[in-house]
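Following: one structure in structure tokens, then a few remarks.
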There are 2 protein chains.
Amino acid sequence: MGRVSQQQIEPTTGCIASAMSVLGHKWTALILRDLLVSPKRFCEFEKSIDNITPRILSQRLSDLEEQGIIEVSSNGPYALTQKGQDLMPIIKQMANWGSKYPTKI
Amino acid sequence: MGRVSQQQIEPTTGCIASAMSVLGHKWTALILRDLLVSPKRFCEFEKSIDNITPRILSQRLSDLEEQGIIEVSSNGPYALTQKGQDLMPIIKQMANWGSKYPTKI
DNA sequence: CAGTATCCTTGTTGATACTG
DNA sequence: CAGTATCAACAAGGATACTG
């Protein structure tokens with residue numbers, strides 16, 4: 001049932017859901033954007049991401065670590081794993097689309 | 001301040017936020033996936049997207065129409081606009097990543 | 001510096017029933 | 001078929017204060 005092309009886009013419903021479970025939080029894309037440049041410490045995120053509260057930042061960082069997107073040395077900075085780096089094409093496409101169709105506020 | 005490459009990825013913070021304001025809802029990616037195949041009617045979504053309630057479906061459809069992602073003829077089916085079709089690369093990248101790193105449930 | 005603890009507000013979703 | 005109305009439940013986010 002259903003067209004084949006649909007299967008090609010989303011073989012199992014979970015694929016997109018999987019990406020969304022990582023990217024579907026308010027500040028995650030911004031955190032990842034920072035990490036694509038270089039590893040960062042807690043206070044560096046606080047400086048570069050305006051208006052994020054320590055509670056939320058901590059929450060996002062924990063989630064991302066649990067999901068294997070980032071890793072942190074004993075008390076070192078946070079860095080992307082390979083899995084995290086592989087998110088880059090998505091982020092770039094989103095930035096692409098977003099700059100073509102900015103939300104007018 | 002900051003590295004140049006960061007600017008290249010996300011020139012203005014709003015770019016990614018813009019994409020997320022469209023894709024950041026639970027069922028949106030699935031609705032769009034269906035529309036990438038061909039225009040669909042309300043009941044067709046209800047059949048192909050398991051467990052979505054009419055209220056949520058209606059809400060998503062309205063949002064997407066307001067955002068100019070989809071359009072609907074007088075009482076015809078819903079179809080993607082150009083703006084909506086331009087989301088395809090994002091969806092494909094998400095599906096890509098998601099199939100490489102499926103969420104184990 | 002690097003977070004954690006509380007508490008509160010809101011957005012989003014879900015269930016169910018109903019209408020033109 | 002194509003939705004809307006109502007209400008309840010929950011998750012996410014925000015504000016603020018505090019600690020090792």
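Just so it is clear, the model here is predicted, and its values are computed rather than measured.
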Report all interatomic pairs (protein N or O, nucleotide N or O of nucleotides 14-20 of chain D) with separations under 3.5 Å.
residue : atom : partner : partner atom : Å
D:dG14  : OP1  : A:Lys26 : NZ           : 2.4
D:dG14  : OP2  : A:Trp27 : NE1          : 2.9
D:dG14  : O6   : A:Arg55 : NE           : 3.0
D:dG14  : O6   : A:Arg55 : NH2          : 3.0
D:dA15  : N6   : A:Arg55 : NE           : 3.3

Worksheet item: Roughly how far, to the nearest 0.5 Å, is CG of A:Asp34 from CD1 of A:Ile49?
Response: 5.0 Å
Worksheet item: At what distance, to the nearest 0.5 angstrom, does CD of A:Gln82 lie from CG of A:Leu87?
Response: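 Reported value, rounded in 0.5 Å steps: 10.5 Å.
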Practice prompt. Would you classify B:Gln59 as touching base, sugar-phosphate or nothing, given that sugar-phosphate means primed atoms plus P, OP1 and OP2, and contacts are heavy atoms under 4.0 Å?
Written response: base
Worksheet item: How would you label the contact of B:Phe45 with the nucleic acid (heavy atoms, under 4.0 Å): base, sugar-phosphate, or nothing?
Response: nothing
Worksheet item: How does DNA chain D read in dot-bracket, base by base from 5' to 3', with Watson-Crick or G-U pairs under 3.5 Å and | used when the partner is on another strand?
Response: ||||||||||||||||||||
Worksheet item: Please, which pairs that meet salt bridge (Lys or Arg N to Asp or Glu O under 4.0 Å) have at least one residue in residues 43-62 of chain B, sequence neighbours excluded?
Response: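 The answer is B:Arg60-B:Asp63.
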Fill in: Counterpart residues, side-chain hydrogen bond (donor to acceptor under 3.5 Å, both in side chains), relative to A:Tyr101 (two or more places apart)
B:Asp86
For atom [atom1] of [X] and atom [atom2] of [N], their distance in whole Å:
{"X": "A:Tyr78", "N": "C:dA2", "atom1": "OH", "atom2": "P", "value": "8 Å"}
{"X": "A:Asp63", "N": "C:dT4", "atom1": "CG", "atom2": "C1'", "value": "15 Å"}
{"X": "B:Leu57", "N": "C:dT13", "atom1": "CG", "atom2": "P", "value": "12 Å"}
{"X": "A:His25", "N": "C:dG11", "atom1": "NE2", "atom2": "C1'", "value": "14 Å"}
{"X": "B:Phe42", "N": "D:dT4", "atom1": "CZ", "atom2": "C1'", "value": "10 Å"}

Discussion item. Is B:Arg41 close enough to D:dA2 that one of its side-chain N or O atoms is under 4.0 Å from OP1 or OP2 there?
Written reply: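 For D:dA2, OP1/OP2 do have a side-chain N/O of B:Arg41 under 4.0 Å.
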Discussion item. Please confirm whether the shortest side-chain N or O distance from A:Ser58 to OP1 or OP2 of C:dG3 is below 4.0 Å.
Written reply: no
Item to complete: Using side chain to side chain contact (heavy atoms under 4.5 Å, CB included) as the criterion, list what pairs up with A:Pro39, not counting sequence neighbours.
Response: A:Pro77, A:Ala79
